[in-house]
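Attaching a single structure in structure tokens format; questions to follow.
Any value given below was found using the heavy atoms of this structure, including those in side chains, with hydrogens, waters and symmetry copies removed. Order of the sequence lines sets the chain letters (A, B, ...), proteins ahead of strands, with each chain counted from 1.
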There are 2 protein chains.
Amino acid sequence: MKKNDQYHHGHLREELLRLGLESIETAGTEGISLRSLADKAGVSKAAPYRHFSDKEAYLGALADEGFRLLCIDLERADVAGTERIASMGAAYMEFAVARPSLYRLMNSPLLCRLPDGSTPWARKSLLMLAEALRKVRSDPGTEPSLDVDAAVAAWAYIHGLVLIRIDGLFPRDLPAPDWARLAAAAPSLGA
Amino acid sequence: MKKNDQYHHGHLREELLRLGLESIETAGTEGISLRSLADKAGVSKAAPYRHFSDKEAYLGALADEGFRLLCIDLERADVAGTERIASMGAAYMEFAVARPSLYRLMNSPLLCRLPDGSTPWARKSLLMLAEALRKVRSDPGTEPSLDVDAAVAAWAYIHGLVLIRIDGLFPRDLPAPDWARLAAAAPSLGA
DNA sequence: TACGTATGTTGGCAACGACAACATGCTTTA
DNA sequence: TAAAGCATGTTGTCGTTGCCAACATACGTA
């Protein structure tokens, strides 16, 4: 345990990411400011700039932190057998529903503006989905190679489904869709 | 034609929306400020607040303006026959690719925070998609009723596909998917 | 021990959203 | 027609934010 008010925080970078994950869902992505985070960390307003070149770099790091958490959930859901995709699809949707603002940040155009290699977990999570899809398809024993278009189709479906749900795009006055059933329908895609 | 520097602009609301549509793709959604728009319209910084209660109300109006444009494109693509959905799917993707920032705004969580009935064109465009889907399915002559889950499935697929494309989420170093073919695959959904 | 570097602080600037108080000009009606 | 009322635009201001420069502090290392 460190003394309370020392000049150097010690783990400010990790603390800022932790605080970001904590407040993004309550305050929304727009409600996150480096100044307010610095306040919460008990540190001056300019301190975050010692760890992140600008706000976009911080949000990029926060997004990748989100992908790290997603990878953990996907790993846990990666059961063997035919229900592999359904299980991962459900885990994927549960993650997004539990952390809607973070999920949006993770899939925002911000990511592709970041320097290559700055979001390793984002790449990892995509490869996990693609690999699971590949395994399911090669289970019958035909082609073990990855069909890019099929993977994108499945990804697009679950991604769109999740966004329509968490963004509240579906009209409130119409009968609500069966989200779980729709999420489980992902494997029937890309024939 | 009106005199140039008169006290009252006359069509400020429409002008602000027009300027917004014009600059959103070049400056990005984050780059839009009511102040800069007021400048471009040759009007003082507080003038926009006479027409929109706050920035969110303006962005909501801008989004609905986008849906109006989308409705026009969808209407044009609503050809009769079996390729109805493929045609509308292509039009949908072309719209989003041509106006990525606007498309993102139109499908942002902002919409569901707006008062009911403030985005009539958003509703219209969704109903157009659902109606087209219904027609295709009843073409064989079985059930004319709308299957909500099937409509959401098709919507989610094309929505996710478009977002993955315009947000640049697909890794640049992997072989690019065939977007057009994927978009045309929408009708095979939700069996 | 002294120096260099990483980390944190203070002060300040410009842009922005939003509000209040005021100015202007159209519209309606007495 | 004239005055009242309202819609619309202006000026001034405040608080917040991103970001930079100059400075302070502490840690590691030669």
Rounded to whole Å, how long is the line connecting atom CG of Asp39(A) with atom P of dG15(D)?
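Those two atoms, CG and P, are 16 Å apart.
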Output the residues of residues 51-61 of chain B in contact with DNA chain C, where contact means a heavy atom of the residue under 4.0 Å from an atom of the strand; sort by number or write none.
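Listed by number, they are Asp54(B), Lys55(B).
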Polar side chain donor-acceptor pair, Ser23(A) to Thr26(A), under 3.5 angstrom
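Judged by distance alone, the side chains do not pair up.
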Indicate yes or no: does Lys45(B) engage Asp39(B) in a salt bridge with an N to O separation below 4.0 Å.
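Salt bridge flag = no for Asp39(B) with Lys45(B).
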Output a table of donor-acceptor pairs, distance under 3.5 Å, between side-chain atoms of residues 61-73 of chain B and any protein atom two or more places apart or on a different chain; print 'none' if there are none.
from, atom 1, to, atom 2, distance (Å)
Asp64(B), OD1, Trp121(B), N, 3.0
Asp64(B), OD1, Ala122(B), N, 3.2
Glu65(B), OE2, Arg68(B), NE, 3.3
Glu65(B), OE2, Arg68(B), NH2, 2.7

What class does the angle between the rings of Phe170(A) and Trp155(B) fall in, given that below 30° is parallel, 30 to 60° is tilted and above 60° is perpendicular?
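Rings of Phe170(A) and Trp155(B): tilted, 30 to 60°.
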Sidechain N-carboxylate O distance under 4.0 Å for Arg18(A), Glu22(A):
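Yes, charged N to carboxylate O under 4.0 Å.
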Let me test you: for the helix from dT1(C)-dA30(D) to dA30(C)-dT1(D), what is the angle between the axes at its two ends (five pairs each), rounded to 10 degrees?
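Rounded to the nearest 10 degrees, the bend comes out at 0°.
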Any N/O donor-acceptor pair, Lys45(A) side-chain to dG11(C) base, under 3.5 Å
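Present.
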Interatomic distance, Arg50(B) CZ vs dC19(C) P [rounded to whole Å]:
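Answer to the nearest Å: 11 Å.
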Salt-bridged, Glu56(B) to Arg113(B), with N to O below 4.0 Å?
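Looking at Arg113(B) together with Glu56(B), the answer is yes, because their closest N to O distance falls below 4.0 Å.
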Can you tell me which nucleotide in dG17(C), dG9(D), dG18(D) comes closest to the side chain of Tyr49(B)?
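Selected nucleotide (nearest to the side chain): dG17(C).
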Rounded interatomic separation in angstrom, taking CD1 from Ile32(A) and C1' from dT17(D)
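Answer to the nearest Å: 14 Å.
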If we only count heavy atoms from C-beta on, is the Leu102(A) to Phe95(A) side-chain gap below 4.5 Å?
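Yes. Closest side-chain heavy atoms under 4.5 Å.
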Would you say dT11(D) has OP1 or OP2 under 4.0 Å from some side-chain N or O of Ser44(B)?
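It does not, given that no N or O in the side chain of Ser44(B) lies less than 4.0 Å from OP1 or OP2 of dT11(D).
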Check whether any side-chain N or O of Tyr103(B) sits under 3.5 Å from a backbone N or O of Ala98(B) as a donor-acceptor pair, and report yes or no.
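It does not hold such a pair.
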For Ser33(B) and dA15(C), is the shortest distance between a side-chain N/O and OP1 or OP2 below 4.0 Å?
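So the side chain of Ser33(B) is outside the cut-off, no N or O lying under 4.0 Å from OP1 or OP2 of dA15(C).
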Could you give the CZ-to-C1' distance, from Arg13(A) to dG8(C), as a whole number of Å?
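Atom-to-atom, Arg13(A) to dG8(C), this comes out as 17 Å.
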Looking only at side-chain atoms of Arg35(B), point me to the closest of dT9(C), dC16(C), dT10(D).
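Of all the options, the side chain of Arg35(B) is nearest to dC16(C).
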Nucleotide dT8(D), atom P - distance to CG of Leu12(B) in whole Å
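Taking atom P of dT8(D) as the reference, CG of Leu12(B) is at 10 Å.
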Do the side chains of Asp167(B) and Cys112(A) get nearer than 4.5 Å, heavy atoms only?
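No - every pair of side-chain heavy atoms lies 4.5 Å or more apart.
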d(NE2, His11(B); C1', dG9(D)) in whole Å:
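One finds 15 Å between C1' of dG9(D) and NE2 of His11(B), rounded.
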